[in-house]
Structure formats: structure tokens, C-alpha cells
Amino acid sequence: MLSITEIKELLATPQKIVITTHHKPDGDAMGSSLGLYAYLIQLGHHVTVITPTDYPYFLHWLPNNSDVIIYTEKTAEAAELVANAALIFCLDFNTLSRINELGELVRASGAYKLMIDHHLEPEDFDDYRHWSINACAAAQLVYEFIVNELNDGELMNKDIATCLYTGIMTDSGSFRFPSATSAVYRIAANLIDAGAEHWKIHQLVYDNATENRLRFLGHCISNKLEILREYNTAIITVTRQELNDYKIITGDTEGIVNYALSINGIRLAAFIIERTDKVKLSLRSTGDFPANEICKKYFNGGGHRNAAGGASVKDLSSTVQEFKEILKEYKTQLLQ
Ligand code: 5GP
Ligand code: MN
């Protein structure tokens with residue numbers, strides 16, 4: 001493992017650095033990555049953010065977004081950057097399978113691997129770890145890494161602050177999950193002092209939907225929401241045909257699961273969606289109900305206790321059927 005002193009020494013001279021994050025990156029994945037990017041370029045490093053896949057349009061306004069390389073679109077270039085990097089920062093994920101094909105390229109690279117993450121059960125592939133499951137977002141950990149670990153608080157600027165605020169805001173449910181502690185609010189205040197325009201960030205992320213998304217949301221709520229009161233569970237199921245009918249693009253389905261969870265008495269919400277290659281599940285829960293346990297045990301996934309995901313190779317209706325069967329096992333907890 002690298003010590004922080006060794007990292008400071010490495011960062012004292014210009015390095016080739018890659019920052020990568022999980023596939024289908026969300027606000028925290030992109031916010032933490034571009035926040036760290038805006039910090040590292042100030043130090044004179046050659047830095048590239050590489051995402052395994054594309055990501056929602058409501059994140060494309062983030063500072064330096066145009067510098068991001070999407071692996072599926074520029075595979076050879078991305079592979080070369082990973083192979084030649086001296087340092088690879090792995091943000092907002094902790095198992096290499098979360099970055100798809102890029103995972104094995106990162107593993108094979110001779111670069112030092114630095115993990116900054118807040119998910120359970122990290123895989124042992126890294127040379128440095130700034131990791132805590134108590135952090136509300138990877139962006140919070142990036143803030144701490146820059147300000148507390150590297151003592152570079154004076155390099156905080158508007159771009160870094162804007163990106164890190166976005167990560168913290170999106171992963172903390174706009175500062176309303178239990179993970180949004182007073183310490184998180186203090187960090188947010190510091191980021192606002194450093195130039196993050198909080199009102200604008202909220203608007204750019206949350207009031208920036210396509211018309212199709214809103215109409216699709218209406219369809220999901222009116223026609224596709226199934227409430228199982230006997231399990232305090234709500235399910236929204238979506239077919240590939242519906243995604244095509246509503247011309248759904250990356251990002252349009254984000255957050256729809258939360259509407260199912262907003263119904264009174266509902267402890268578990270599932271958004272089950274038929275993608276081209278698999279059926280993807282997004283689970284959200286309240287209190288101490290372990291949504292991640294279901295994803296890990298049955299759907300080859302994982303995540304946080306209250307926000308988790310997984311996938312199934314079965315067809316849509318069999319997956320929904322399986323999910324309903326699983327609820328029986330959790331009935332007592334769901335009714336608590
Ligand atoms: P979402 O429902 O927004 O896709 O994902 C919610 C959270 O669940 C993510 O932040 C991530 O931590 C976790 N997650 C989603 N899908 C997967 C998956 O396939 N595998 C693992 N390990 N975690 C996932
Ligand atoms: Mn995160």
C-alpha cells in the first residue's frame with residue numbers, strides 16, 4: 001500500500017493519470033471524477049477521465065465534461081491511456097467488474113491504483129484506499145482527500161467545488177438521507193464558498209428533463225406501478241418496447257424508482273427494466289431494510305443498504321416472478 005507521503009511525492013512531478021468510475025455513471029461518479037480532474041490538472045498532470053459507458057445528459061454541463069473519454073466509443077485510445085498511466089484513480093466503485101471490460105485493462109496496467117469509494121466490501125486490487133461506507137458520496141471522500149489528506153485546500157476552485165457539490169447532492173438525495181450529516185453540510189457550505197452555485201446545480205440536474213422522460217414517468221406511475229401491500233413493496237416494470245415507444249435515452253429512467261418509494265407505508269421499491277442484453281433491477285428501501293442483500297444474493301449485484309442494483313439473465317416476467325418470490329423471505333422485515 002502507498003502512504004499519503006508517497007502519493008504526495010508522486011504528485012510532485014507531472015504524471016500520466018487516468019480517473020475512472022463505474023459503468024452508467026451517475027452524478028456522484030461524474031462529480032467526483034471531474035472534481036478530482038479539475039484539481040489534478042492544476043498540478044500540471046496529464047489527466048484523462050475514462051468512463052466505461054455513456055452517462056445521462058443532465059450531467060453533460062459539468063465543468064470539463066468535453067474532456068471525458070467514453071470507453072465504448074474510443075476503446076483503443078482509452079486502452080492505451082490505461083496501459084501507459086502511472087496512476088489510476090478508481091472513484092465510486094470498488095470491484096473491477098463494475099467497470100466492465102475496462103476492469104481487466106486496469107488490473108493489467110502497471111499503474112498505481114488509488115481507490116476513493118464508499119461501497120461495501122472492496123476488492124483487493126488497489127495500492128491506496130481512501131474508503132468509508134459512512135461517506136454520503138465518493139465526492140465527499142475526494143473533498144477530504146484533497147483538503148485533509150493532501151492539505152491542498154487552497155487549490156479548491158469553482159470547477160472542483162461545482163463537481164463535488166453535484167456528487168454530494170445527487171448521492172445524498174439532495175441532502176436528505178441519513179448519510180447527509182452535519183459534516184456533509186459543512187463541506188457543502190465550503191463548496192458554496194468556493195464558488196459552487198447550489199441553486200443552479202439543483203436546476204441543471206433536476207429541472208433539465210426531456211419531455212419524453214416526463215411523459216414516460218407519467219406512464220410508469222399511471223400504468224406500470226404495482227403495489228403489494230402485503231409486503232409494503234412497490235414495483236415498476238418496464239419492457240424494451242416501452243423504452244422504444246417513449247424514445248428513452250440514457251438518464252431518462254434515473255430516479256423513477258424513488259416515486260414508488262414515496263408512497264406511504266412502502267419500505268421497498270423496485271424498478272425492473274428490460275434492457276437489450278439483460279434485465280436490470282434498481283432497488284430502494286427505507287430504514288434498515290437491506291436492499292443490497294437481495295441484489296447480492298439473487299441478482300449478482302450489490303450497492304448500499306437503501307440503494308442497490310443487480311441484473312438477471314432471465315426474461316422480464318420470470319425476473320419479476322422471482323423478485324416476488326424473494327419478498328416472501330423478507331416479509332417480516334418488510335412489515336416491521
Ligand atoms: P441504481 O439503482 O441507481 O442503478 O444503483 C443504485 C446503487 O446500487 C449504485 O449506486 C450502486 O452502488 C449499486 N449498484 C447498482 N447496480 C449494481 C450492480 O450491478 N452491481 C453492484 N455491485 N452494485 C450495483
Ligand atoms: Mn456514490
Side-chain angles (χ1 to χ4, degrees), residues 19-36 51-56 58-59 89-100 103 115-123 130-145 163-175 177 179-180 184 205 235-236 238 250-261 268-273 275 277-285 289-313 319 323:
I19 299 172
T20 189
T21 189
H22 60 79
H23 75 108
K24 290 285 166 201
D26 57 8
D28 186 32
M30 294 316 299
S32 59
S33 295
L34 285 168
L36 183 64
T51 62
T53 64
D54 66 347
Y55 48 94
F58 56 77
L59 299 172
F89 282 91
C90 298
L91 303 192
D92 201 31
F93 73 96
N94 65 24
T95 55
L96 291 174
S97 60
R98 290 280 287 147
I99 57 172
N100 304 348
M115 177 199 295
I116 301 183
D117 178 59
H118 67 139
H119 293 91
L120 293 161
E121 299 174 3
E123 179 187 337
H130 186 59
W131 173 82
S132 168
I133 55 162
N134 297 321
C136 77
Q140 178 187 348
L141 296 170
V142 169
Y143 176 92
E144 292 169 4
F145 179 67
C163 293
L164 297 185
Y165 186 95
T166 303
I168 292 172
M169 176 191 83
T170 51
D171 253 27
S172 67
S174 298
F175 300 93
F177 298 153
S179 59
V184 170
V205 172
I235 307 175
I236 295 174
V238 173
T250 301
D252 279 341
T253 57
E254 198 91 359
I256 292 181
V257 64
N258 296 318
Y259 288 90
L261 195 67
L268 178 65
F271 185 70
I272 307 179
I273 175 170
R275 293 209 191 279
D277 51 339
K278 62 190 170 194
V279 172
K280 178 88 179 88
L281 296 94
S282 265
L283 301 192
R284 298 292 184 271
S285 68
F289 186 83
N292 54 353
E293 189 182 303
I294 293 182
C295 291
K296 189 173 174 204
K297 207 161 149 189
Y298 296 101
F299 299 108
N300 194 28
H304 312 282
R305 192 178 53 196
N306 298 133
S312 169
V313 289
T319 306
F323 179 73

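Numbers here are sequence positions counted from 1. Atoms within each ligand, like the ligands themselves, are counted from 1 in listed order. If you're wondering where the values come from, they're calculated on a predicted model, not measured in any experiment. Atom set for the values below is all heavy atoms of this structure, side chains included, hydrogens, waters and symmetry mates excluded.
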Are more than 12 heavy atoms from other residues, nucleotides or ligands located less than 6.0 Å from atom CG of Asn258?
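More than 12 within 6.0 Å, yes.
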
Does atom OH (Tyr259) have a neighbourhood of more than 12 heavy atoms from anything else shown, all under 6.0 Å?
no

Gln140 and side-chain contact (heavy atoms from CB on, under 4.5 Å): which single residue from Asp171, Ile168, Asn134 fits?
Ile168

Taking 2.8 Å as the limit, list every protein N, O or S atom around the Mn ion (ligand 2), by chain and residue number.
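The answer is Asp28 OD2, Asp92 OD1, His118 NE2, Asp171 OD2.
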
Under 3.5 Å, is there a donor on one side chain and an acceptor on the other for Asp92 and Ser32?
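On atom types as modelled, these side chains do not qualify, holding no pair under 3.5 Å.
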
Taking side chain to side chain donor-acceptor pair (under 3.5 Å) as the test, write out the residues that go with Ser285, two or more places apart.
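Ser285: side chain to side chain donor-acceptor pair (under 3.5 Å) contacts with Asn306.
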
Test of understanding: with side chain to side chain donor-acceptor pair (under 3.5 Å), list the residues that count as partners of Asn94, not counting sequence neighbours.
Asp117

When every non-hydrogen atom of Thr21 is compared with those of Ser33, the smallest separation belongs to CB-OG, 3.6 Å

Specify the closest pair of heavy atoms between Leu59 and Met30, including all atoms of both residues, with the distance to one decimal.
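Looking at all heavy atoms of both residues, the shortest contact is CD1-CG, 3.9 Å.
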
Considering only heavy atoms, which protein residues lie less than 4.0 Å from any atom of ligand 1?
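Lining ligand 1 at under 4.0 Å, by heavy atoms, one finds Arg98, His119, Lys280, Ser282, Arg284, Gly301, Gly302, Gly303, His304, Ala307, Ala308, Gly309, Gly310.
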
Could you walk me through whether Phe323 and Leu268 pass the side chain to side chain contact (heavy atoms under 4.5 Å, CB included) test, one step at a time?
CA-CA 12 Å; Phe323 179 73; Leu268 178 65; 3.9 Å; yes

